[in-house]
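Structure record follows, encoded as structure tokens.
Numbered from 1 within each chain, the chains take letters A, B, ... in sequence-line order. Side chains included, hydrogens not; waters and symmetry mates left out as well; all remaining heavy atoms used. All values derive from a computational prediction rather than experimental measurement.
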Amino acid sequence: MPKLYVPASAEDRWYAWWEQQGFFTASNAPEDTRETYTVAIPPPNVTGTLHMGHACRTTFEDVLVRYERMKGKNALWVPGTDHAGIATQVVVERKLKAEGLTRHDLGREKFIERVWEWRKESGDTILGQLRKMGASCDWSRTKFTMDPDLSHAVREAFVRLYEEGLIYRGTRLVNWDVVSQTVLSDLEVETEENVKYTEEFGVCELFDFAYKLDAEDAAATGVDEIIVSTTRPETMLGDTALAVHPEDERYKGLHGRFVTHPFVDRRIPIVCDATLVDPEFGTGVVKVTPAHDPNDFATGKRHGLEEISILNKDGTLNENGGPFAGLERFEARKAVKAKLEELGLARGKRKHVMSLPRSQRSGSIVEPMISTQWFVKMEPLAGPAIEAVESGKVQILPEDWTKTYFHWLRNIQDWCISRQLWWGHGIPAWYCGDCEHMSVSRTDLSACEKCGSANVEQDPDVLDTWFSSALWPFSTLGWPNQTPDLARFYPTQDMETGYDILFFWVARMIMMGLHFMGEVPFSRVLLAGLVTDERGQKMSKVKGNVIDPLDVIHGATGAHLLMKAEQAGAAADGVEYLRTTYPDGFDAYGADALRMTLLSYSPQSRRIALSIKRIEGYRNFANKLWNAARYVLGRLVGQDGEPGPHPDARATGARPAVTALPNRWILSRLDVALASANAGITAYRLDEGSQALYHFVWDELCDWYLELSKPLLDGDDRALAEETAAVLLHVLETTLRALHPMMPFITEEIWQRVPRAGVAAGETIMLARYPQAGTDSLRDEASERELAVVQEFVVAARSIRAEYDLPRKQGIAIHWCADDAEKVATIETARSLIEALAGATLTQEEAAKVDDPHQHFTLAAAFVLPGLRGVVPGVIDPVKERERLTRQLTKVEKELGTLEKKLTNEKFLGGAPAEVVEQTKRDAAELREKRDQMSGAIARLG
RNA sequence: AGGCACGUAGCUCAGUGGGAGAGCACUACCUUGACACGGUAGGGGUCGGCGGUUCAAUCCCGCCCGUGCCUACCA
């Protein structure tokens, strides 16, 4: 085995073998009665390649799936990809643009062909990347949301909901994206907050202008004009009313009067509306544009106002724009303002900080527009989804999110599901050109259901991507057909995803699962944070701070990173950030290191600020594990053709019997680690589970046990050496199994080299049994207490070594004494171990001599432990020793001080539980003794 | 505006009603037969601020300051 673990070759080799052997495939054999464990992957969008967020998802899910598989379940992880309607269409259109084409140049059919080509490319890339991450998906069940079977499911769901009256077609004010030229659901609109004034679009400016009263109304009321304010001056072309508060004294005389529109031939009524108007704001008069503002729309309905749309689908003004028709919306805004100035109707402007609604995909400012679209009635679906979480049938982790879930579902709006795109599931509705009948049908229609005319056309729109995603947990298993997979694997167990799609996806899956299957689609929702760069900023191509998981796994030079960022369109400061933060690029850290890193962040955190240093740390951990294995295998069975002293040693999967303290101790510590690992994984605290194993391997197995094993293996006691050999192999093999869900590659690589027999002799670690506390390990409190004494002793000796710069080769003598027989026995038994680890020779001494080192030894350094003291003669510089002891004494006195303060507090003695008081007294007594010993030692230094 | 988080060592973050932790960074020493992607020993924090509950608060409660996200509205 080489000194350094090299991930690259091991990863590809083992993954190909696992896949080819069919280890990932879930069983559907009728005689297989194992409990199932199913996870549906959150299907990545076929918009390009996987990012760090996907890597995070993949790792978490893979840990859960591998764990349950090793626990003996029939584990199924369904992989697949999402067609991602709008996002994918945008990507392909951008590629066309590079060729100087638009989708309209190609036409719908040819364009869709191009998208399919792209989806093949992107989809294959993504599935390949999942494999690089180690994902143990059942590839034989791979799905794509536009596969024929899943499209069939979408159509069935649509038709059923329509027949049940839960899908309807309606004319509403919707969110219009003028760049993508499609309607968006409320969720796809993102509000940009606190936007400042920008010259270019003229946004965030409150512009005042006057409407002149009709001549006769002006004469009758003596009022000449009314001033209104707006942030969108061009919408005044669609104004069909002015509203005032009914109680507003200033305008009481104007109720029912009219103003004249300055640009179009329209008389505009002045109406009273207490809901819309806040008399305190501005002039107390609101211009009402029912066709372009949600509040105005509602106001229009209340007053029966005309709805005049002024925009074309591309954001230019239509014929209702009068003299401004044809202008682009922001041009029109400028032109309207200029014209109002010219007419002397402008009444000033001021900057106004506000929020702007933007399209999640195109980033353009969303326009409210009246349009006929398809909607899902949400209230009847939301009720059961709320109940499912309330009753605990679905558990959301971390729990904080349940509140958010309830809040959204309890205030839910109908869901606009039609999109004016080309890429997506067609809407199964046909319109008759003759009788105007609309048919919604499971099968494609060539004739009108009502009049039989062949003059029928399918609705040109497609469905929101999330409509098909909502069916994912059961459509991937064969629904609406009653397949064996559906019967066996639905409902699934865990749904792990990012909290950002809790509404988009998770809530809708629960609604649809309950509606169509009558059962929740999964019993737990596991929400993870969003991966950001190390500053905590969202990764984005423009910021240049995107970290490609594959670059971390395979390594990348600084130049390569810069080139990629520039190609992706990073801004100058983004490139600079990249250059200064990662000047040397990345080493090939390997998939296991990346996985461990992602696992190490708490799921409670909403942000995963991915740190390369941290990845490096886990790369080092992989290497530590590798070298621990090198040691064990080299010392026992030998390596590289050299037979070792224990050629017959085997890991059998059975816990060896142990007598020696270090062997008892390591099995006990393993027990604690295994308990934490199991508890952590099942509670979705993968950070705690992985950290327990990290800590065990590094701080206990490597730092102590491997060192302790050396004198045991080299000693004269053959039986003890055999016992130790068995324990070393057992602990190594068990630890590998425990780590396998997190670090699948390196654990397989090492495990295959471990000589195994009995139940440990399996073909692959991924189908080996996951280790269990109490079975594979054994808690032994006594061994922990005893070994703690050994550790304290060794550390004390090493401290003296370090303090006086004693070289490793220079042996030291330690004269020690202990207060009770138990401690004396422990040290006597472990004497050779302590000597080996401390590089010392131990001599038990009378307490009188140890406690007065100045009298009995020359230049002796001293240490004081609970019930145990030692001196090391011939090493000290008295001045330095005084400093060292004083430093320690200060700490002890400080600690003692807080305890004594408590113990002199009557209220504490009276109010605290007896056991707490007792413990405090014991601690104080121990510290007091230590203090006395130390101050005595200092005093005796002279 | 409302809601939800968060504020702990230089950095990134765990954690708990009773003795402040990890990784990285830092200091000193060590190329020792598993590992320098290493070892040993260290230094470093009034747990955001102010009150309250409690025998006891970093933890529970209230207010304030700061940060992030979500929802709604902004003529």
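Rounded to a whole Å, the CG atom of A:D687 is 19 Å from the P atom of B:rU12. Between the CG atom of A:L598 and the P atom of B:rG23 there is a distance of 19 Å, rounded to whole Å. One can place CG of A:D699 at 9 Å from P of B:rA22, the figure rounded to the nearest angstrom. Atoms CZ (A:R614) and P (B:rC11) sit 15 Å apart, rounded to a whole Å.
Residue contacts shown for A:K287 are absent, as no nucleic acid heavy atom lies under 4.0 Å away. A:T191 comes within 4.0 angstrom of no nucleic acid atom, judged by non-hydrogen atoms across all strands. Here A:D278 lies in heavy-atom contact (under 4.0 Å) with a base. Base engagement by A:K710 is indicated by at least one non-hydrogen atom pair under 4.0 Å involving a base atom. A:V795 comes within 4.0 angstrom of sugar-phosphate atoms only, judged by non-hydrogen atoms across all strands, and of no base. Using a 4.0 Å heavy-atom distance criterion, A:R619 is classed as a base contact. Residue-level contact check: A:K901 touches neither bases nor backbone, having no heavy atom under 4.0 Å from any strand.
Taking 4.5 Å as the limit, every side-chain heavy atom of A:L713 sits out of range of all side-chain heavy atoms of A:P645.
In this structure, A:Y582 and A:Y577 have perpendicular ring planes: the angle between them is above 60°, well past the 30° mark. Between A:W401 and A:Y499, the angle of the ring planes stays under 30°, which puts this pair in the parallel group of the 30/60° scheme.
Between A:S799 and the phosphate of B:rG42, there is a side-chain N or O to OP1/OP2 separation shorter than 4.0 Å. At B:rU40, none of the side-chain N or O atoms of A:R801 fall inside 4.0 Å of OP1 or OP2 (strictly under the cut-off). Phosphate proximity of B:rG38 to A:K3: absent, as no side-chain N or O sits under 4.0 Å from OP1 or OP2. Under 4.0 angstrom from either OP1 or OP2 of B:rC13 there lies at least one side-chain N or O belonging to A:R607.
Two rings, from A:Y618 and A:Y694, have their centers less than 6.0 Å apart. Within the 6.0 Å centre-distance limit, the rings of A:F793 and A:F863 are counted as a close aromatic pair.
Here B:rG19 is the nucleotide among B:rG19, B:rC70, B:rG38 with the atom lying nearest to any side-chain atom of A:E895. Listed nucleotides B:rG19, B:rA5, B:rC35 differ in distance to A:N627; the shortest reach to its side chain belongs to B:rC35.
Here the side chain of A:N175 pairs no donor or acceptor atom with the backbone of A:V366 at under 3.5 angstrom. Of the possible polar contacts, one joining the A:N627 side chain to the A:N623 backbone as a donor-acceptor pair under 3.5 Å is found.
The existence of a salt bridge linking A:D592 and A:R619 is excluded, since no basic side-chain nitrogen approaches an acidic carboxylate oxygen closer than 4.0 Å.
Using Watson-Crick or G-U wobble geometry with both donor-acceptor distances under 3.5 Å, B:rU40 finds its partner in B:rA28.
Toward the 5′ end of RNA chain B lies the nearest nucleotide of A:S600, the other residue of the pair A:V632 and A:S600 mapping further downstream. Nearest-nucleotide assignment on RNA chain B puts the 5′-proximal partner with A:K403, out of A:K403 and A:A609.
Annotation: B:rG7 and B:rC60 have their P atoms spaced 11 Å apart (nearest Å). B:rU31 and B:rU40 are spaced 14 Å apart, taking the C1' atom of each and rounding to whole Å.
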Tabulate protein N/O versus nucleotide N/O from nucleotides 53-60 of chain B, keeping only pairs under 3.5 Å, one per line.
| from | atom 1 | to | atom 2 | distance (Å) |
| --- | --- | --- | --- | --- |
| B:rC55 | O4' | A:K907 | O | 3.2 |

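Scanning atom types as modelled, no donor and acceptor separated by under 3.5 angstrom connect the side chain of A:Q413 and the base of B:rA72.
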